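One structure below.
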Amino acid sequence: MDEKYFAENIEEKWQRRWEQSGAFEAEPDPARAKHFYCLEMLPYPSGFLHIGHVRNYSIGDALAWFKRLQGYNVLHPIGWDSFGQPAEQAAIKRGVMPREWTESNIEHMRGQFKQLGLSFDWRREIAAHTPEYYKWDQWFFLKMLERGLAYKKISPVNWCPAEETVLSNEQSSGGVCWRCGASVEKRDIEQWFFRITSYAEQLLDDMREIEGGWPERVLTMQRNWIGRSEGAYIEFQIKDTDERVRVFTTRIDTIYGANAVVVAPDHPLIERAPLREDVRRFAERVRTERMAARAPGALEEKEGINTGLLAVNPFSGESVPVWAANYVLNEYGTGAVMSVPAHDERDFEFAQKYSLPIRRVIERISHDQPRIAHDPAHEDQSVAMDQAFTEHGILVNSGDWSGKLSDDAKREMTGFAESKGFGERAVTYRLRDWGVSRQRFWGAPIPVIYCDVCGVVPVPESDLPVVLPERAEFTGAGQSPLASVPEFVNTTCPKCEGPARRETDTMDTFVDSSWYFFRYCDPHNAEAPFDREKVAYWTPIDQYIGGVEHAVMHLLYMRFWTKFMRDIGLVSFGEPVKKLMTQGMVVAETFYREGEEAGQKIYFNPSDVEVVRDDKGRIASATLIDDGHPVTVGPFEKMSKSANNGVDPHEMISAYGSDATRMFVLFAAPVENDLRWQEAGIDGALRFLRRVYSFVYRWRERLRDAPKDAASAGEFSPGARRLRHETHRTIERVTNDFESLRYNTAVAAMMELSNALGDFKAAPLSATPSDLFAVRETLESLVLMLAPFAPHVAEEMWDGLGHEGGLLQSGACWPTFDEALARRDEVEIAVQVNGKLRGRVSLSADASEEETRAAALNDERVRAWTEGKQIVKTVVVPGRLVNVVVR
RNA sequence: GCCGAAGUGGCGAAAUCGGUAUACGCACGAGACUCAAAAUCUCGCGAGCGCAAGCUCAUGGGGGUUCGAUUCCCCCCUUCGGCACCA
């Protein structure tokens, strides 16, 4: 152990030793009952680490260390979500092949992960773009197909008319093509879907199993995303035709207030019915706009057009116009709604805009003023309302149903509609099937062959994987690059052996991340996606950690996938994740200047930029201090996952070491908070590590003579007793904090303990045996608790304290606390008079309520405030506070 | 627009069950050590008033419940995440 702590002298050394000893390699061991699967979300290999990665993997790594020290067999793997759009963009822009680009990114990021000293079992590394991995994506696709869960249907994509190519949402943001600026259109093509909707009910019901382990907000978002609603289908006859429009409503009780039937612009009726040209044009325009405009604030303005058709309300017999409007979605319900402006906010807004009649059919239930159900004054009148009344109530103006309560009316009217054959009870979901087709190169090829004779033929399992070609033309225009590789496309039909063509769509990358956590249990299996025994030992995941931005899609897909795997007998459970932690976004302001090449950006280190903020904390201006010549830089942007503009933490790690970097990123804020990243403050983490290190260095020689146990240490001085109390109290706090991932307060508690050690007056040379015992207890506990945050320096100090062979090999285990020592024997009671703090009294911790009250009332300052007043009551909170209420 | 969150000193934050608001750290100020600097150590540090003891105000804004509210309820403002082809 050197005298001074320098990260660069020890971090590589310990990383080498960990690798040589296989310290983080885990195997299923039936003898070890305590095992733990700790997983962070699969990283996309964008090229370099950003601070959000450092945070995510530091959170998981700390937990993995904590559990190992507690004696668990810990699985902590890592891999790469290496398919996806950016690799293809790089190919288009710079002509690099996606695989080369991806693999060099992986190599660089792997190096950065290793530099951080993250405790992964690297033998289990996987990458989605390797045939040995995506073979099983394809295998699962075939299983979905067998079960009728994969199917093809026509659905729209973004289309650039100039380049005749399919664009992603991101490539068409703002409604224009990312490369040529042409207005993006919508085009219908046939695509593959997974029938996630057939699991909608289970995805909802099974939330019961994970409640408590998952953040409530995530469950709420998923519940809303699935969007179950109970209601009814009702058929409206289209006048003078054989057509019927089926609407879905959750409020059949309001049907007498329907002033129109509104259909989506892409509703089949629009295609079929004889319509005016302007209606068709409107429908076409809205469909195009909807594809393009998904940004926040999209569809601000409700727009519609009267189709000229009339629909007959099956309850009232009334004819109402049929409109087409942009606020009705063809994907949801039946793509048609009855518009009841008096009782629905969107319909209300729409009716106001187009001056449609508004008829009130539900009244608030009034107890003091019972109203007449049949009020002739209300019949068939448009009532002035300034907003929709969306609550349940009592029906009025509703024929024979008037006077009924909404709840009863819903049930009875649905029954009536069923008996008359124009409606039925229905449950609908907002959730839509999962579109997995991508008209792109860099993904797992969908294992399907098209034969003119046999039609759609699945690739036989024995022919998997369908391997991506090494090279293709990447122009960014025209059809998918895969379609232009004849060796790939042209094949023979597995059934009839005649000439056939391969599917050129590849799979959504969410497929890769829907089951990768199972593959980690058996990452190199060539015969099956994994061995069931191995998976049964490790899964489900005990703790999953990742960004809150994945709260719905990724986490819903992996839940779906797990249920599917259960149904085909691969696993025995349906919920893949016991506990979920969603970390907040890391936002870093980045500063750049436009470069000389078009689209080139030159980034600056934020610490070299002087920032002026407005009163809302937004950047008003930023000046680069460059050789003393200030240069204004900008624009400024938020760090995002897709634009590779994050702050590279490499410099920070070089300057402060990975231990200080990791510790600081966890100390800076609670892990679920969004974090506006700034480097200022990291010095504090480094100073703390140095401080602990120098305590260890100074005491380590003498501590060899410390007594083995407290009983033989002799009498403890008051100072030593205080130190022991602090130590045990800190172990308690830190252990509790770890269990709920409150790392920021855990670090703070350890800092307090190191301050307490600094206050301990004994010097190494004059210390008594009991002093030595107390110091050793403190230092060993501190080093062990530090290990999950700063493993390299913890190893170095543990070694310095005379333990051979490394933390995980020397039998080190997480410190335990003695409750009696952790408890305080004297407490300070706050005394309030009328809720304002007026004094403090010190009492023994086990003082009774009466003693507490008496001591409080007897306090000099309190007496000054209560003198001459009447004491109305005293509230005593034992161990904390007394509030004296006076008049 | 819809769904989900967040807002506390100059800054990151703490107070987890309705009970002492600002722990811990950063920045800053003063001092010690030093020829000097760095490092380290000690002390101070929400705002206003006051010589002081102390008093008043303060947890985005407004209202409410309570002996007592950062915490619970209602309304509003601002910021962030997701919205199905970024992952």
Side-chain angles (χ1 to χ4, degrees), chain A residues 4 41-44 46 81 83-86 89 157-158 166-173 215-218 220-221 223-225 227 294 296-302 327 331 346 430-440 508-510 512-513 547-554 556 582 584-585 587 616-618 638 640-643 664 667-670 672-678 680-685 687-688 690-691 694 736 740 742 744-745 747-752 755 758 828-837 840 861 872-875 877 880-886:
Chain A
K4 287 240 153 52
M41 286 180 186
L42 190 62
Y44 178 76
S46 59
D81 192 7
F83 271 139
Q85 225 187 125
Q89 312 259 45
V157 290
N158 299 307
V166 175
L167 301 174
S168 67
N169 285 346
E170 189 165 83
Q171 289 171 327
S172 42
S173 77
E216 196 49 51
R217 61 174 165 162
V218 172
T220 305
M221 280 190 263
R223 222 172 262 127
N224 293 338
W225 183 264
R294 278 243 183 61
L299 284 184
E300 267 175 74
E301 190 68 11
K302 290 186 173 46
Y327 74 100
E331 299 83 9
R346 287 162 310 172
R430 209 186 68 99
L431 181 69
R432 308 204 300 261
D433 277 338
W434 174 11
V436 293
S437 277
R438 297 293 179 270
Q439 294 68 43
R440 275 196 269 284
D508 180 8
T509 55
F510 274 123
D512 311 319
S513 53
V548 64
E549 68 274 17
H550 294 293
V552 178
M553 302 186 61
H554 162 60
L556 198 66
T582 47
M585 297 289 293
V587 287
K616 295 218 168 94
R618 284 187 284 245
K638 296 259 166 65
S640 84
K641 308 150 283 298
S642 46
F664 177 61
F667 174 59
E672 56 271 276
N673 272 29
D674 284 348
L675 183 60
R676 186 184 294 197
W677 178 249
Q678 42 185 4
I682 191 169
D683 311 71
R687 275 202 278 264
F688 169 59
R690 284 207 187 117
R691 200 167 139 88
S694 68
N736 291 340
S740 42
R742 288 191 309 254
N744 57 326
T745 48
V747 174
M750 287 190 272
M751 286 173 168
E752 285 179 59
N755 291 345
E828 197 173 63
I829 305 284
V831 188
Q832 299 178 328
V833 178
N834 284 349
K836 284 201 192 292
L837 182 68
R840 291 191 172 91
R861 288 188 52 209
V872 183
K873 73 170 170 181
T874 37
V875 181
V877 184
R880 303 210 80 139
L881 149 153
V882 176
N883 188 12
V884 186
V885 186
V886 299

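All chains are named by letter (A, B, ...) in the order of the sequence lines, taking the proteins before the strands, and each is independently numbered beginning at 1. The shown structure was predicted, so the numbers you read here are calculated from the model rather than taken from an experiment.
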Closest to the [X] side chain: [options]?
| X | options | value |
| --- | --- | --- |
| A:Arg840 | B:C86, B:U20, B:U40 | B:U20 |
| A:Val885 | B:C67, B:C86, B:G19 | B:C67 |
| A:Asn169 | B:A5, B:C3, B:C86 | B:C86 |
| A:Ala830 | B:U20, B:C85, B:U56 | B:U20 |
| A:His550 | B:A87, B:C80, B:C85 | B:A87 |
| A:Arg691 | B:A14, B:G25, B:C41 | B:C41 |
| A:Pro86 | B:C24, B:G4, B:C86 | B:C86 |
| A:Glu828 | B:U20, B:A84, B:C26 | B:U20 |
| A:Val877 | B:G19, B:A27, B:G12 | B:G19 |
| A:Trp225 | B:G4, B:A21, B:A84 | B:A84 |

Within the structure shown, what part of the strands sits under 4.0 Å from [X] by heavy-atom distance: base, sugar-phosphate, or nothing?
| X | result |
| --- | --- |
| A:Arg346 | nothing |
| A:Glu672 | nothing |
| A:Arg438 | base |
| A:Ser437 | base |
| A:Ala551 | nothing |
| A:Pro43 | nothing |
| A:Phe510 | base |
| A:Gly435 | sugar-phosphate |
| A:Leu42 | nothing |
| A:Val552 | nothing |

Taking only side-chain nitrogens and oxygens of [X], does any of them come within less than 4.0 Å of OP1 or OP2 of [N]?
| X | N | result |
| --- | --- | --- |
| A:Arg861 | B:C55 | yes |
| A:Asn755 | B:C24 | no |
| A:Asn224 | B:G4 | yes |
| A:Arg676 | B:U79 | no |
| A:Asn673 | B:A13 | yes |
| A:Arg430 | B:A84 | no |
| A:Thr509 | B:A87 | yes |
| A:Lys836 | B:A58 | no |

### Message
Suppose we call a contact any N or O donor and acceptor under 3.5 Å apart; does that hold for the side chain of A:Asn883 and the base of B:C67?
### Response
yes
### Query
What about A:Gln171, does its side chain sit under 3.5 Å from the base of B:C85 through a donor-acceptor pair?
no
#### Entry: Secondary-structure stems, RNA chain B, at least 3 Watson-Crick or G-U base pairs under 3.5 Å
B:1-7 with B:77-83, B:10-12 with B:24-26, B:28-32 with B:40-44, B:46-49 with B:54-57, B:60-64 with B:72-76
### Query
For B:C17, is chi within 90° of 0 (syn) or not (anti)?
syn
### Query
What's the base orientation of B:G9: syn (chi within 90° of 0) or anti?
syn
### Query
A:Val833 and side-chain contact (heavy atoms from CB on, under 4.5 Å): which partner among A:Val885, A:Asn883, A:Val882, A:Val886?
A:Val886
### Query
Are A:Asn673 and A:Asn744 close enough, and set up right, to give a side-chain contact (heavy atoms from CB on, under 4.5 Å), and what steps lead you there?
CA-CA 11 Å; A:Asn673 272 29; A:Asn744 57 326; over 6 Å; no
### Query
With nearest nucleotides of RNA chain B determined for A:Met751 and A:Lys873 from heavy-atom distances, which residue corresponds to the more 5′ nucleotide?
A:Met751
### Query
Which comes earlier along RNA chain B counting from the 5' end, the contact point of A:Leu881 or that of A:Glu752, where each point is its nearest nucleotide?
A:Leu881
### A:Arg430 and A:Asn224 side chains, donor-acceptor separation under 3.5 Å
no
### Message
Just the rounded figure in Å: distance from P of B:C85 to CD of A:Gln85.
### Response
11 Å
### Task
Using whole Å, report how far CD of A:Glu549 lies from C1' of B:C86.
11 Å
